[in-house]
Q: 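The structure under discussion is supplied below as structure tokens; questions concerning it will follow.
Every chain is numbered from 1 and lettered A, B, ... according to where its sequence line falls, protein lines coming before strand lines.
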Amino acid sequence: MNKEINNIFEQFLQKESLFKDKKALQSTYIPDEIKHRDIQITQIANILAPALRMEKPSNIFVYGKPGTGKTLSIRYLAEQMLTLADNKKIPLKIIYLNCKLKKIADTEYRLIAQLAREFGKEIPPTGLPTDEVYNVFFQTIDGEKQIILLILDEIDRLVEKAGDELIYNLTRVNTDLKQAQMSFIGVSNNLVFSNNLDPRVKSSLSEEEVVFPPYNAIQLQDILKRRASEAFKEEVIEEGVIQKCAAYAAREHGDARRAIDLLRVAGEIAERKGDKKITMKSVDEAEDTIERDKVIEIVKTQPKQFQATLYTVLLNKNNAKNKIVDTGTVYETYRDLCAKVGLRPLTQRRVSDIIAELDMLGVINAKVISKGRFGRTREISLLLPSNVEQKIKKILEEDLFS
DNA sequence: CGAGATTCATGTGAAGTATACCTTTAGGCTTAA
DNA sequence: AAGCCTAAAGGTATACTTCACATGAATCTCGTA
């Protein structure tokens, strides 16, 4: 074994970790107690409670900005209900689906297929009629008396891509079900989303509504302190670090997830450097790292064509004087690039859609504007810090030219 | 000078096509009685 | 004759293409003051 590598591991083991339990800062972690969301949690609990008596609860529509504890609260309740149901032998099933995940739940077929899979049915990725998959799903769940809670996270994404008819169909399944009953919990980050919904869909989905307001700085601090005490060992956090994390997040509409990420990454950075304490400086560094890692992760997992499109945007952006490019120039360079790397070029129509999707992912910023006499186009710009941009460029080059 | 027409470059919707994958069906081959 | 395998037929979802029309403000045109 390589001696250097071995050294790294040895050193790592000798170094005393700052963390006691890193899980407490990961996004999947559900704490025993959720702070400052009592009102929302009781509200939802009251609505869902009938499920434990085998009565179908009302459908709920939950909304609030990112990082306001929506997903966390619901998962927490789900967990509680499941343990209770398990003890008392109540046939309760809770399914959680995140609709923004590409290839999982972003079309009608895929959503239903995924649901059926949750119940242990094998559904092929394509080939079956959607009706058929519906049938399989119905029959599976109606096979026994049970209550099903379906949590659709980021439901706005789903509706945007697949239309609201799908939701309407889903909310009406109960009329066809003899034994089982199904309720919906739609979760959305987008506050105005429900206004664009078909009124019928809206009324059936949001029989009840729960709003999650942003946390304020004090609440954020409180949450962070709690998490930190679980995650870190005693005395490893320097004075003011928590406040700083909270302040950063409060600036971004009280996004607790961001605050927690910040703290975790700051801890990781400090640990890697061999520091004994997490300092303010680590937080600053974490601030840079986080955004970068998030975007990089997205970029890496995109299909080749998306990467190629993004790459041409990057190329053009640097040549343009005001850092803004338009669809036409992107498409031209895109074709050149395709020729260079041996990729079959797509039509401008498709590239236009891809640009729109990249915009939705938040990697680029594309706005449709009319330049009067000079036609109309998308003004594409990047909002990433230049070091992130360089890194992405490198990754794309590796991916594309190999 | 100003209202309305024109224009450009691309957005955008609808319909069609290619591909990958599915089930069903029919035929052919093997096997066992 | 029954059973099993394979290949063809017929069907679907998805990503993409093709076609055609929609947009919307800068610019042009032309009638009027």
Q: Rounded to the nearest angstrom, tell me the gap between atom CZ in Arg373(A) and atom C1' in dG24(C).
A: 14 Å

Q: Round to a whole Å and report the spacing from CD of Glu379(A) to C1' of dA25(C).
A: 13 Å

Q: For the residue pair Lys371(A) and Phe374(A), would you count it as a cation-pi contact if the rule is NZ or CZ under 6.0 angstrom from the ring centre and within 45 degrees of the ring axis?
A: no

Q: Among all residues two or more places apart in sequence or in another chain, which pass the side-chain contact (heavy atoms from CB on, under 4.5 Å) test with Asp222(A)?
A: Lys35(A), His36(A)

Q: What one-letter contact string describes nucleotides 11-22 of chain B from 5' to 3', where B marks a base within less than 4.0 Å of any protein heavy atom, S marks contact via sugar-phosphate atoms alone, and - marks no contact?
A: SBB-------BS

Q: Whole-Å distance between dT17(C) C1' and Tyr331(A) OH?
A: 10 Å

Q: For DNA chain B, what residues of residues 105-114 of chain A have any heavy atom nearer than 4.0 Å?
A: none

Q: What pairs of residues pass the salt bridge (Lys or Arg N to Asp or Glu O under 4.0 Å) test when at least one of them lies in residues 304-315 of chain A, not counting sequence neighbours?
A: none

Q: Under 4.0 Å between any heavy atoms, over every strand shown, what does Pro303(A) touch: base, sugar-phosphate, or nothing? Just pick one.
A: nothing

Q: Report the distance from atom CG of Asp326(A) to atom P of dC8(B), rounded to the nearest whole Å.
A: 17 Å

Q: Could you tell me the separation between the CD1 atom of Ile369(A) and the P atom of dA9(B), rounded to a whole number of Å?
A: 13 Å

Q: Rounded to the nearest Å, what distance is computed from the NZ atom of residue Lys161(A) to the P atom of nucleotide dC16(C)?
A: 10 Å

Q: Check whether Tyr215(A) forms a cation-pi arrangement with Arg37(A) (NZ or CZ under 6.0 Å from the six-membered ring centre, at most 45° off the ring normal).
A: yes

Q: Sequence neighbours left out, what passes side-chain contact (heavy atoms from CB on, under 4.5 Å) with Ile355(A)? Give chain and number order.
A: Thr309(A), Thr327(A), Val330(A), Val351(A), Ile364(A), Ala366(A), Arg378(A), Ile380(A)

Q: For residues 59-75 of chain A, please give each side-chain donor-acceptor pair under 3.5 Å, one per line with the distance, not counting sequence neighbours.
A:
| from | atom 1 | to | atom 2 | distance (Å) |
| --- | --- | --- | --- | --- |
| Asn59(A) | OD1 | Phe184(A) | N | 2.9 |
| Asn59(A) | ND2 | Ser204(A) | O | 2.9 |
| Tyr63(A) | OH | Glu209(A) | OE1 | 3.2 |
| Thr68(A) | OG1 | Lys65(A) | O | 2.6 |
| Lys70(A) | NZ | Gly64(A) | O | 2.9 |
| Lys70(A) | NZ | Lys65(A) | O | 2.8 |
| Lys70(A) | NZ | Asn189(A) | OD1 | 3.0 |
| Thr71(A) | OG1 | Asp153(A) | OD2 | 2.9 |
| Ser73(A) | OG | Gly69(A) | O | 2.6 |

Q: Considering only residues two or more places apart or on different chains, which pairs with a residue in residues 128-150 of chain A satisfy salt bridge (Lys or Arg N to Asp or Glu O under 4.0 Å)?
A: none

Q: In residues 129-136 of chain A, what residues come within less than 4.0 Å of DNA chain B, judged by heavy atoms?
A: none

Q: Partners of Lys202(A) by salt bridge (Lys or Arg N to Asp or Glu O under 4.0 Å), sequence neighbours excluded?
A: none

Q: For residues 105-120 of chain A, which residue pairs qualify under salt bridge (Lys or Arg N to Asp or Glu O under 4.0 Å), counting only residues two or more places apart or in two chains?
A: Asp106(A)-Arg110(A), Asp106(A)-Lys161(A)

Q: Donor-acceptor pairs are to be reported for all side-chain atoms of residues 391-401 of chain A against protein atoms at under 3.5 Å, with residues two or more places apart or in another chain.
A:
| from | atom 1 | to | atom 2 | distance (Å) |
| --- | --- | --- | --- | --- |
| Glu397(A) | OE2 | Tyr311(A) | OH | 2.7 |
| Asp399(A) | OD2 | Gln307(A) | NE2 | 3.1 |

Q: If the condition is salt bridge (Lys or Arg N to Asp or Glu O under 4.0 Å), which residues does Arg344(A) pass it with, not counting sequence neighbours?
A: none

